[in-house]
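Notes to accompany the following structure.
What's counted below: heavy atoms across the whole structure, side chains too, no hydrogens, waters or symmetry copies.
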Amino acid sequence: MSPAVVPPVGERIRQARLEHGTSLRALARRIGVSASLVSQIETGKSQPSVSTLYAITTALGISVESLFDARQTGTAAPVAPVAPPGPVAPAAPVAPAAPQTVPRALTALTASAADPGRRIGPLVGAGGRERLELDSGVVWERLGRVPGADADFLLVTYRPGGASSGSGALMRHPGTEYGYLTSGELILTLGFDEYTVRPGDAVCFESTTPHRYRNDGGVPAVGVWFVSGDVQ
């Protein structure tokens with residue numbers, strides 16, 4: 001079975017933002033990044049980090065899954081209608097033919113669609129994890145999820161040369177994250193400081209602090225991460 005093709009995330013973010021009626025600058029202020037970075041993400045010139053994806057989807061009231069759903073590639077309908085060229089007229093939005101409500105979850109690239117219950121738990125087998133691969137060299141695998149809880153329990157792999165932000169920019173977003181590295185080595189930039197994270201080391205910090213992970217080594221860096229959102 002060939003791997004699912006990841007659709008153009010930036011275009012889907014732009015579509016969702018326009019449907020939400022949020023300006024580019026307003027979205028940037030909401031998630032704590034520059035407007036130019038949001039523009040680069042929407043045009044495909046920069047790949048969003050894990051943290052930025054969480055922040056964007058929360059701000060727009062959509063799911064991460066809707067951005068990466070491989071079933072919507074090719075000629076399938078996009079998450080939101082494509083805005084026509086020229087000024088956007090918010091008073092006359094084009095509504096999708098059949099709006100769908102999707103759970104706040106990562107897209108299931110390897111889990112069977114016939115058994116969606118195993119995505120939630122309480123037991124998630126090794127072959128039933130939801131898996132998401134990013135162009136920046138990072139792989140997320142969801143280890144479990146409690147419905148209604150604003151948190152994610154993840155197995156994260158940084159391939160050699162991989163980083164949480166492909167553009168090199170430091171990211172920040174609401175919430176808190178905890179991580180435990182099991183193999184490989186990561187460089188964590190946190191504010192003005194830089195840390196080398198080795199197997200057995202753990203990290204925890206408020207995600208509003210500018211940060212970035214990168215793997216400068218020749219082997220994958222693998223760890224378990226717990227990311228809690230900003231409950232409001």
Are Y195 and L181 connected in the hydrophobic side-chain network, where two residues link if heavy atoms are under 4.5 Å apart? yes

Listed by chain and number, what are the side-chain contact (heavy atoms from CB on, under 4.5 Å) partners of L170, not counting sequence neighbours? T189, P210, R212

Are E177 and F226 packed together at the side-chain level, in the sense that at least one heavy-atom pair is separated by less than 4.5 angstrom? no

Rounded to the nearest 0.5 Å, the OH atom of Y180 sits from the CH2 atom of W225 at a distance of 11.0 Å

Got S136 and S164 here, is their nearest side-chain heavy-atom distance under 4.5 Å? no

NZ/NE/NH1/NH2 to OD/OE distance under 4.0 Å, E19 and R14: no

A16 and I62 have their tightest heavy-atom pair at CB-CD1, 3.8 Å

Look at the side chain of T43 and the backbone N and O of S39, then say whether any donor-acceptor pair between them is shorter than 3.5 Å. yes

How about V222 and V156: do any of their side-chain heavy atoms sit closer than 4.5 Å? no

Test L186 against R214 for side-chain contact (heavy atoms from CB on, under 4.5 Å), laying out the working first. CA-CA 6 Å; L186 280 178; R214 72 178 191 272; over 6 Å; no

Give, for atom CD1 of I187 and atom CD of E194, the distance between the pair rounded to the nearest 0.5 Å. 5.5 Å

Any side-chain heavy atom of Y178 sitting closer than 4.5 Å to one from V203? no

Side-chain donor or acceptor of S228 paired with backbone N/O of G175 under 3.5 Å: no

Would you sort out whether R131 and E133 count as a salt bridge (Lys or Arg N to Asp or Glu O under 4.0 Å), showing the intermediate values? CA-CA 7 Å; R131 177 184 172 90; E133 298 191 22; 3.0 Å; yes

Reported NZ-to-OG distance for the pair K45 and S36, which is rounded to 0.5 angstrom: 11.0 Å

Taking H20 for the side chain and L18 for the main chain, is one N or O donor matched with an acceptor at less than 3.5 Å? no

Side-chain contact, heavy-atom cut-off 4.5 Å: L60 with L27? yes

Which heavy-atom pair separates P199 from G184 by the least distance, and what is that distance? CD-O, 3.0 Å

Under the side-chain hydrogen bond (donor to acceptor under 3.5 Å, both in side chains) test, residues paired with T208 that sit two or more places apart: none

I would like to know whether E42 and R12 meet salt bridge (Lys or Arg N to Asp or Glu O under 4.0 Å); could you show each step before the answer? CA-CA 8 Å; E42 290 188 350; R12 291 192 175 191; over 6 Å; no

side-chain contact (heavy atoms from CB on, under 4.5 Å) assessment of L132 paired with V139: CA-CA 6 Å; L132 181 63; V139 180; over 6 Å; no

Looking at H211 and M171, would you say the former's side chain and the latter's main chain have a donor-acceptor pair under 3.5 Å? yes

So L53 and V9, do their side chains get closer than 4.5 Å, heavy atoms only? yes

Considering all heavy atoms of both residues, which atom of P160 and which atom of G217 are nearest to each other, and what is their separation? CB-O, 3.4 Å

Pick from E141, E130, R129: which one makes a side chain to side chain contact (heavy atoms under 4.5 Å, CB included) with V124? R129

Test side-chain contact (heavy atoms from CB on, under 4.5 Å) applied to F153 and V227, step by step: CA-CA 7 Å; F153 181 31; V227 183; over 6 Å; no

Are R17 and L24 close enough, and set up right, to give a side-chain contact (heavy atoms from CB on, under 4.5 Å), and what steps lead you there? CA-CA 8 Å; R17 176 176 63 76; L24 190 148; 4.0 Å; yes

Side chains of V138 and R159: does their closest heavy-atom pair fall under 4.5 Å? no

Closest heavy-atom contact between T196 and D201? O-OD2, 3.9 Å

Aromatic ring pairing Y213/F205, orientation class (parallel under 30°, perpendicular over 60°, tilted between): tilted

